[in-house]
Trainee: 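Would you mind keeping the following structure in view while I ask a few things?
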Number of protein chains: 2
Amino acid sequence: MDHMLRRQIEKIVPLTDSEFDHVLSFFVKKKYRKHQFVIQQGDPVNYEYFVVSGLLKSYILDESGKMYIMQFAMEDWWFSDYTAYLNGAVANSFADCLEDSELLGITKENKDKLCREMHKIEHFFRVKSNYGYVALQRRIFSLLCNDTQKKYNELFELYPSLFQRVPKALLAAYIGVSRETLSRLSISSGRKTQED
Amino acid sequence: MDHMLRRQIEKIVPLTDSEFDHVLSFFVKKKYRKHQFVIQQGDPVNYEYFVVSGLLKSYILDESGKMYIMQFAMEDWWFSDYTAYLNGAVANSFADCLEDSELLGITKENKDKLCREMHKIEHFFRVKSNYGYVALQRRIFSLLCNDTQKKYNELFELYPSLFQRVPKALLAAYIGVSRETLSRLSISSGRKTQED
């Protein structure tokens, strides 16, 4: 299970076996079952997570209990409640598992220490953070400009595999529309999504 | 004008005079007049910019010419069309000056070289990128969850000085509402914004 992280890092910087073992020693392995919570609103957020296998959703609930999905996270993706993680605050969001999931978690202290020790790992994380920034910018533009059909198409183009694994109600919560609206779209475009 | 960049870097990592001179040698100084374009859709994006003085807006136009504002950038802020800048592509967005502006620009090649040479500058940029990521996450939540009044209040709490410097129509384009809607809000909350 560890090679997936190595493959991702080595797309950006090369690592020897012993270097990768050193990197990996800064992470803890965690296993969660479907429906289990990894991050809970009001709790400290001790880890940033790399998804080795499985699928999760990260979201907030408003006062009325309505869910807004920040992101899905599947194999090879990173997630956390970054505001809390970076500032040592408690979570404003939730993250729970849509499938059984294996994660690698790294504390902020360990990440900072690893980055101090290994310049190339600091480089790796800077590059990943830049990619993440660009992905969020794209999402903001999509939320501002696109109608529902375009948001749906964009999500499908970017992450086609999500549509096989994520219930329709959650795709709707990601796009910010009702499930009924999304159903009409997915039918009209002939794409089949998973029913929960 | 150079000390503003140094102050920002030194909030995260200390620099000697000669180190800062070295950092600064990787940047080019640029001056723009009010209404001048810094980034134009379809053009290459050669620089990431640090704002030494002035105020700019970064935005896209949809097919009908409607404007959607990605961000404002004032003193001490960074901006670019990051998708284009990082991938060597042409801009999808525009950036122009709301006030006369002095910028420091750094090419991707120079930024990568500087980060390779000076580990602590790579650290600085990683930390800044993390902060930027968190700010964008906050904006996504705001776009997904908040009604117009809440978006307006949040923008005001985060960046009160914008309300003195940015025309009301542009604040409306940032929040994603009509100018008329924003006018009702700003009147009802007793806040005075700039008229263009």
Side-chain angles (χ1 to χ4, degrees), chain A residues 13 48 58-64 66-71 78-87 89 92-93 108 111-112 115-147 150 173-177, chain B residues 13 48 58-64 66-71 78-87 89 92-93 108 111-112 115-147 150 173-177:
Chain A
V13 290
E48 180 182 17
S58 156
Y59 59 98
I60 56 172
L61 300 176
D62 69 12
E63 296 87 352
S64 70
K66 189 173 174 195
M67 178 191 293
Y68 299 91
I69 293 187
M70 185 65 213
Q71 69 162 114
W78 296 82
F79 74 96
S80 189
D81 180 317
Y82 284 101
T83 305
Y85 175 74
L86 293 171
N87 300 314
N92 188 40
S93 66
K108 182 171 183 299
K111 187 173 174 182
D112 286 342
C115 285
R116 269 197 307 278
E117 281 185 14
M118 292 181 73
H119 184 171
K120 61 182 168 182
I121 294 298
E122 182 121 57
H123 176 68
F124 164 75
F125 279 119
R126 177 174 74 86
V127 170
K128 290 301 289 181
S129 184
N130 286 339
Y131 290 162
Y133 188 91
V134 164
L136 292 192
Q137 269 201 333
R138 195 192 299 124
R139 180 134 189 243
I140 288 173
F141 278 134
S142 177
L143 286 171
L144 279 172
C145 318
N146 290 347
D147 60 23
K150 272 195 186 162
Y174 181 89
I175 294 176
V177 298
Chain B
V13 289
E48 180 182 18
S58 156
Y59 60 99
I60 57 172
L61 300 175
D62 69 12
E63 296 89 352
S64 71
K66 189 174 172 194
M67 178 191 293
Y68 299 91
I69 293 187
M70 184 65 213
Q71 69 162 114
W78 297 82
F79 76 96
S80 189
D81 180 317
Y82 285 102
T83 305
Y85 175 75
L86 293 172
N87 300 314
N92 189 39
S93 66
K108 181 170 185 298
K111 188 174 174 182
D112 286 344
C115 284
R116 269 197 307 278
E117 281 185 14
M118 292 181 72
H119 184 170
K120 60 182 167 182
I121 295 297
E122 183 122 56
H123 176 68
F124 165 75
F125 280 119
R126 177 174 73 86
V127 170
K128 290 302 290 183
S129 184
N130 286 339
Y131 289 163
Y133 188 91
V134 163
L136 292 192
Q137 270 201 333
R138 194 192 300 124
R139 179 132 190 245
I140 289 173
F141 278 133
S142 177
L143 286 170
L144 279 172
C145 318
N146 290 346
D147 60 23
K150 270 194 187 163
Y174 182 89
I175 295 175
V177 298

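Chain letters run A, B, ... following the sequence lines, proteins first and then strands; every chain starts at 1.
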Trainee: Which distance, rounded to the nearest 0.5 Å, do you find between the OH of Tyr131(B) and the OG1 of Thr83(A)?
Mentor: 12.0 Å
Trainee: At a heavy-atom separation under 4.5 Å, does Ile140(B) approach chain A through its side chain, its backbone, both, or neither?
Mentor: both
Trainee: Under a 4.5 Å cut-off applied to non-hydrogen side-chain atoms, are Leu144(A) and Lys66(B) in contact?
Mentor: no
Trainee: When heavy-atom pairs shorter than 4.5 Å are enumerated against chain A, which of Gly132(B), Ala135(B), Cys115(B) gives the highest number?
Mentor: Cys115(B)
Trainee: Using heavy-atom distances under 4.5 Å, tell me whether Asp112(B) contacts chain A through its side chain, its backbone, both, or neither.
Mentor: both
Trainee: Lys120(A): what forms a side-chain contact (heavy atoms from CB on, under 4.5 Å) with it, not counting sequence neighbours?
Mentor: Val13(A), Leu15(A), Glu19(A), Met118(A)
Trainee: Can you list everything that forms a ring-ring contact (aromatic ring centres under 6.0 Å, His included) with Phe79(B)? Sequence neighbours excluded, please.
Mentor: Tyr49(B)
Trainee: Counting only non-hydrogen atoms closer than 4.5 Å, does Arg116(B) touch chain A with its backbone (N, CA, C, O), its side chain (CB onward), both, or neither?
Mentor: backbone
Trainee: Pick one of side chain, backbone, both or neither for Leu136(B), based on which atoms fall under 4.5 Å of a heavy atom in chain A.
Mentor: both
Trainee: Identify which of Arg138(B), Arg139(B), Gln137(B) forms the greatest number of heavy-atom pairs closer than 4.5 Å to chain A.
Mentor: Gln137(B)
Trainee: Listed by chain and number, what are the ring-ring contact (aromatic ring centres under 6.0 Å, His included) partners of His119(A), not counting sequence neighbours?
Mentor: His119(B)
Trainee: Which members of residues 121-130 of chain B, sorted by number, sit under 4.5 angstrom from chain A on a heavy-atom basis?
Mentor: Glu122(B), His123(B), Phe125(B), Arg126(B), Ser129(B), Asn130(B)
Trainee: Please state whether the side chain, the backbone, both or neither of Glu48(B) comes within less than 4.5 Å of a heavy atom of chain A.
Mentor: neither
Trainee: State the CG-OH distance between Leu86(A) and Tyr133(B), to the nearest 0.5 angstrom.
Mentor: 10.5 Å
